[in-house]
Amino acid sequence: MSKPAFSFEFFPAKTAQGGQKLLNTYDELNKLAPSYFSVTYGAGGSTRSRTLDIVQTLCARGDTDIAPHMSCIGDDKVEIAGLLDHYKALGIKRLVALRGDLPSGQVGMGELPFALDLVKFIREHSGEHFHIEVAAYPEMHPQARSFEFDVDNLVNKYQAGANAAITQFFYNADSYLYLRDTLEKRGIDTVAQPLIAGIMPITNSSNLVRFADSCGADIPRYVRKRLADFGDDRSAIREFGFEVVYRLCERLMSEGAPAMHFYSMNKVEPNKRLVEALGLSA
Ligand code: FAD
């Protein structure tokens with residue numbers, strides 16, 4: 001079984017104190033030698049300065065294996081071009097290109113309404129400078145017209161120049177494998193343009209259920225039921241959550257998943273434990 005690559009995602013902190021805590025988390029996870037870290041971005045510019053701050057701080061320390069997320073909905077091309085030039089000047093070579101979701105109350109899709117438009121724009125503006133990753137949905141994006149339409153959209157993003165796609169989190173390995181096989185049948189070489197498995201460690205029941213419901217990720221019934229039974233017993237949730245996610249990752253590895261992207265939720269322990277138990281770290 002070959003070892004998949006792995007990476008971590010985190011979100012920018014809201015306060016200076018939170019920022020320092022995040023740097024400590026980053027340093028701890030960095031000891032595991034991931035391929036890169038990605039940093040989320042609030043669509044409509046809601047966390048723009050916080051995303052930039054943490055990216056700049058890390059670049060100033062010489063850490064440029066950072067992939068800022070960029071969204072396009074509601075933004076204009078001049079703003080996006082400015083951000084691309086800024087990231088290039090900082091030494092950033094990788095981006096996660098997304099549509100994003102408009103904050104409530106904000107109207108107008110902007111000049112680049114879909115992630116496909118953003119991928120095309122990045123290639124037009126910055127050529128091949130950036131390695132571009134896009135979002136993929138093994139269980140279908142909640143607003144997609146149909147599964148097939150959503151796959152068409154993903155194929156179009158790969159064909160427009162995305163180097164890889166990172167999936168929404170899922171707990172059903174077959175949904176990932178089905179999407180990967182479907183992409184292969186549609187002519188995408190998933191060795192050259194991989195489908196990276198997005199992995200969400202389970203550490204908390206109510207947040208996970210709320211988050212999964214909002215982004216259309218399925219939590220298998222037995223997992224929901226077990227989590228509900230544990231109530232406030234956080235240690236039982238952590239142990240069960242570890243077992244579920246470990247088994248998922250093991251299955252993905254045995255099926256040849258090329259890489260795993262951990263939604264770290266800015267936590268060290270659950271991510272470190274999984275990476276070490278799976279033997280992913282160098
Ligand atoms: P798209 O690929 O543009 O697809 C969005 C929807 O539009 C899909 O339903 C698609 O089928 C449909 N569609 C595409 N083209 C058309 C068309 N021409 N006409 C009609 N419908 C169409 N959000 C953030 O705000 N910040 C982040 O940092 C962030 N990071 C993420 C990281 C990952 C790995 C993932 C999986 C998601 C992330 N998200 C983030 C959430 C993401 O922004 C939302 O899921 C968003 O709703 C869709 O973004 P997308 O890039 O998949 O959009």
Side-chain angles (χ1 to χ4, degrees), residues 6-13 35-52 54-55 66-75 80 83 87 92 94-104 106 109-122 131-171 175-176 179 182-183 186 188 194-200 211-218 257 259-266:
F6 70 101
S7 51
F8 296 114
E9 173 177 309
F10 60 78
F11 52 87
S35 310
Y36 65 93
F37 285 84
S38 81
V39 189
T40 66
Y41 183 86
S46 55
T47 71
R48 183 186 169 116
S49 63
R50 287 193 269 126
T51 302
L52 264 176
I54 182 78
V55 171
I66 309 293
H69 293 204
M70 267 185 102
S71 63
C72 55
I73 197 164
D75 288 346
I80 292 175
L83 199 53
Y87 282 142
I92 295 292
R94 187 188 289 264
L95 294 171
V96 182
L98 304 145
R99 183 195 74 173
D101 295 304
L102 278 179
S104 62
Q106 193 172 324
M109 307 268 281
E111 289 181 281
L112 304 169
F114 294 104
L116 174 63
D117 305 308
L118 179 60
V119 173
K120 288 180 181 166
F121 183 73
I122 297 172
H131 177 102
I132 303 176
E133 278 158 11
V134 291
Y137 301 88
E139 292 166 345
M140 200 178 102
H141 183 266
Q143 294 154 6
R145 254 177 243 168
S146 65
F147 189 86
E148 197 162 348
F149 184 91
D150 214 29
V151 172
D152 286 346
N153 180 45
L154 179 56
V155 168
N156 291 340
K157 291 193 282 189
Y158 277 115
Q159 288 175 344
N163 300 94
I166 306 174
T167 72
Q168 185 56 274
F169 69 89
F170 59 91
Y171 295 106
S175 67
Y176 167 89
L179 179 59
T182 305
L183 289 172
R186 294 289 307 272
I188 302 296
L195 183 66
I196 300 169
I199 306 292
M200 177 74 87
F211 196 35
D213 287 346
S214 73
C215 64
D218 190 45
M260 294 183 189
H261 186 68
F262 290 88
Y263 294 106
S264 81
M265 304 308 283
N266 294 5

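Note: hydrogens, waters and symmetry copies are ignored here, and every other heavy atom, side chains too, is used. Just follow the structure's listing: the first ligand is 1, and inside any ligand the first atom is 1.
Side-chain contact of Q159 with R186: a donor-acceptor pair under 3.5 Å is absent, judged by distance alone. Defined by atom type and a distance below 3.5 Å, a donor-acceptor pair is missing between the side-chain atoms of H69 and T51.
In this structure, the side chain of D150 does not engage the main chain of M140 through any donor-acceptor pair within 3.5 Å. Panel note: side chain Y171, backbone M200; a donor-acceptor pair is recorded below 3.5 Å. Side chain of N163 to main chain of I132: a donor-acceptor pair is present (N/O by atom type, distance under 3.5 Å, no hydrogens or angles).
Around atom 21 (N) of ligand 1, the closest heavy atom drawn from F149, Y41, F169 belongs to F149. For the residues I196, V39, L98, the heavy atom positioned nearest atom 40 (C) of ligand 1 is part of L98. Evaluated by nearest non-hydrogen atom to atom 6 (C) of ligand 1, the leading choice among Q168, M70, H141 is H141.
Classified by interplanar angle (parallel below 30°, tilted 30° to 60°, perpendicular above 60°), the ring pair F170/Y176 is parallel.
The nearest heavy-atom contact from the protein to atom 3 (O) of ligand 1 is A115 N, 2.9 Å. Regarding atom 7 (O) of ligand 1, its nearest protein heavy-atom neighbour is F114 CE2, 3.6 Å. Closest protein heavy atom to atom 36 (C) of ligand 1: A135 CB, 3.5 Å.
For Y41 and F11, the gap between ring centers reaches or exceeds 6.0 Å.
Between G100 and ligand 1, an N or O atom pair is found at a separation short of 3.5 Å. Here's the thing with S71: none of its N/O atoms is less than 3.5 angstrom from an N/O atom of ligand 1. Geometrically, ligand 1 and R99 share a nitrogen or oxygen pair separated by less than 3.5 Å.
At a 4.0 Å heavy-atom cut-off, ligand 1 touches H69 through the side chain alone. Within the 4.0 Å heavy-atom criterion, the part of K157 lying near ligand 1 is the side chain and not the backbone. Contacts between N153 and ligand 1, counted as non-hydrogen atom pairs separated by less than 4.0 Å, involve the side chain only. In Y263, the part holding a heavy atom less than 4.0 Å from any atom of ligand 1 is the side chain. Of all the heavy atoms of H261, none lies under 4.0 Å from any atom of ligand 1, so neither backbone nor side chain is involved.
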**Report entry** Test log, rule side-chain contact (heavy atoms from CB on, under 4.5 Å), inputs I66 and S38
**Finding:** CA-CA 6 Å; I66 309 293; S38 81; over 6 Å; no
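The T40 neighbourhood of ligand 1 comprises atoms 28 (O), with distances under 4.0 Å to a heavy atom of that residue. Close approach to Q143 involves these atoms of ligand 1, each under 4.0 Å from a residue heavy atom: 9 (O). Close contacts between ligand 1 and R145 involve ligand atoms 19 (N), 20 (C) [criterion: under 4.0 Å to a heavy atom]. Atoms of ligand 1 lying under 4.0 Å from any heavy atom of D101, numbered from 1 in the order shown and given with element: 44 (C), 46 (C), 47 (O).
In plain terms, the two heavy atoms of A135 and L98 that are nearest each other are CB-CD2, 3.7 Å.
For Y137, the heavy-atom gap to ligand 1 drops under 4.0 angstrom. Judged by the shortest distance from any of its heavy atoms, D150 lies inside the 4.0 Å radius around the atoms of ligand 1.
L118 is not listed as a side-chain neighbour of R99, based on a closest heavy-atom distance of 4.5 Å or more.
Once rounded to the nearest 0.5 Å, the distance linking CG of L179 with OG1 of T167 reads 8.0 Å. Atom CG of N156 sits about 12.0 Å away from atom CZ of F114, to the nearest 0.5 Å.
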